[in-house]
J.: 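Would you mind keeping the following structure in view while I ask a few things?
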Amino acid sequence: MKDAHGRTIDYVRISLTDRCNLRCIYCMPAEGVDQVAHSDILSFDEILKFVRVAAQMGVRRVRLTGGEPLVRKGVVDLVRDLHAIDGIDDISLTTNGILLAQFAPDLKAAGLRRVNISLDSLDPVQYKEITRGGDLDDVLAGIDAALEAGFNPVKVNAVAVRSLNQDYLAFARMSVDRPLHMRFIEYMPVGDSSGVCGHGWGEEDVISCEEIRERINHQAADEDLPQLVPVEGSSKPDGGGPARYWQFPEAQGTVGFISPLSRHFCGECNRLRLTSTGQLRPCLFSDDEFDARAVLREGTEADVHALIEQALGAKPEEHTQGDHANATETNMNVIGG
Ligand code: SAM
Ligand code: SF4
């Protein structure tokens, strides 16, 4: 299916819950979020109805996210049912990895193909601070389990925030001996949480992908390690997507960079987002929403089809994110990243 700007839309990101077992400082307030009533959250049957219609319209790929998708009961069954929908050939998951060691084999057997694991520090003390209580060992066990289960690719995503002073080379090194794809994501002005260290989202905390790459190369040179080289075409972990990939020579994995604010990927945007409360969002950086929940509860598949058409028609050509104001007041745990 095409949007009003001629882009092919074949990908839906679905937030399964706004709840999470962590409280990352840039994503959620310390006290957590107001509990959304269970009845306001889309049921699995409603999600399946949405995906069936979307698949008839040309959607091929579904990503499950959150909040933390693995805290939603029955997630393995949902993956199995999504996998059975005609036309859906790629189901993936974005997770903080805390529960992944427990779920990886069952998710793989149910038809999940790929996982992205979010990890912002390899230092256990800093990891605990950023996530307000998370245990780094759980995530590392999750990464091991994902590789063992045979997900391909396994990507690790780190949000880069200047004042956190993360060790970028330590991350990049993870891509050398194992087929892990390490990606750095620019910090985005999303949500109403207090931001890093309580001073709100600030442009001064955005560190560009170019700078991260330069820092990795500097640190590598200091340690007599080789420099990153660009990865071209089919050697990229998923043959495309918004990341730009680099690699240490002879490494099994890659190092990718995603700069959502640069707008370079609006032209290739291929997705819609469905929030946990069933709001269909044409663009991550806009609060425009279409109430899919009402239609999924009371309407026919033809009504769902019409709503998806409407959302497609409302996809902006590019986001108009200014440099200072928050693009959306909705926290990432609700939209799903
Ligand atoms: N809980 C899961 C996780 O952490 O992977 C899935 C949901 S989380 C909202 C999805 C992604 O959004 C995570 O990688 C997180 O780091 C990222 N994220 C949240 N707030 C962000 C922000 N302000 N800028 C950039 N990325 C952000
Ligand atoms: Fe939870 Fe993911 Fe947000 Fe961290 S980034 S608080 S793990 S939803």
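Order of listing sets the numbers, starting from 1, for every ligand and every atom in it. Positions are given from 1, in the same order as the sequence printed here.
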J.: Heavy-atom contact under 4.0 Å between G67 and ligand 2?
T.: yes
J.: How are the rings of Y187 and Y26 set to each other: parallel, tilted or perpendicular (split at 30° and 60°)?
T.: perpendicular
J.: May I ask you to check whether over 12 heavy atoms, not counting those of E148, lie within 6.0 Å of atom CD?
T.: no
J.: Check each atom of ligand 1 against the heavy atoms of V159 and keep those under 4.0 Å away; list them by number with element.
T.: 16 (O), 25 (C), 26 (N), 27 (C)
J.: So, is Y26 polar-close to ligand 1, with some N/O to N/O distance under 3.5 Å?
T.: yes
J.: If you measure from CG on L147 to CZ on F151, what distance do you get to the nearest 0.5 Å?
T.: 10.5 Å
J.: Counting backbone and side chain alike, does C27 bring an N/O/S atom below 2.8 Å of atom 3 (Fe) of ligand 2?
T.: yes
J.: Does F184 reach the side chain of V159, with side-chain heavy atoms less than 4.5 Å apart?
T.: no
J.: Within the 4.0 Å heavy-atom shell around E186, which atoms of ligand 1 are there?
T.: 25 (C)
J.: Using a cut-off of 6.0 Å, state whether more than 12 heavy atoms not belonging to E250 lie near its atom CD.
T.: no
J.: As a check for students: among G67, G66, C20, identify the option with a heavy atom nearest to atom 1 (N) of ligand 1.
T.: G67
J.: Going by the order shown, which atoms of ligand 1 are within less than 4.0 Å of some heavy atom of T65?
T.: 6 (C), 7 (C)
J.: Taking the side chain as every heavy atom from C-beta outward, state whether P230 and E232 have any pair of such atoms under 4.5 Å apart.
T.: yes
J.: If you take the nearest heavy atom of each of V159, L119, N96, which one is closest to atom 7 (S) of ligand 2?
T.: N96
J.: Given T94, L64, L22, L93, which has its nearest heavy atom closest to atom 10 (C) of ligand 1?
T.: T94
J.: Can you tell whether the side chains of D86 and R52 come within less than 4.0 Å, N to carboxylate O?
T.: no
J.: Is D205 reaching over with its side chain to a backbone N or O of S163, donor-acceptor style, under 3.5 angstrom?
T.: yes
J.: Can you tell which of A160, P69, S118 gets a heavy atom nearest to atom 13 (C) of ligand 1?
T.: S118
J.: For ligand 1, is there an N or O atom under 3.5 Å from any N or O atom of E68?
T.: yes
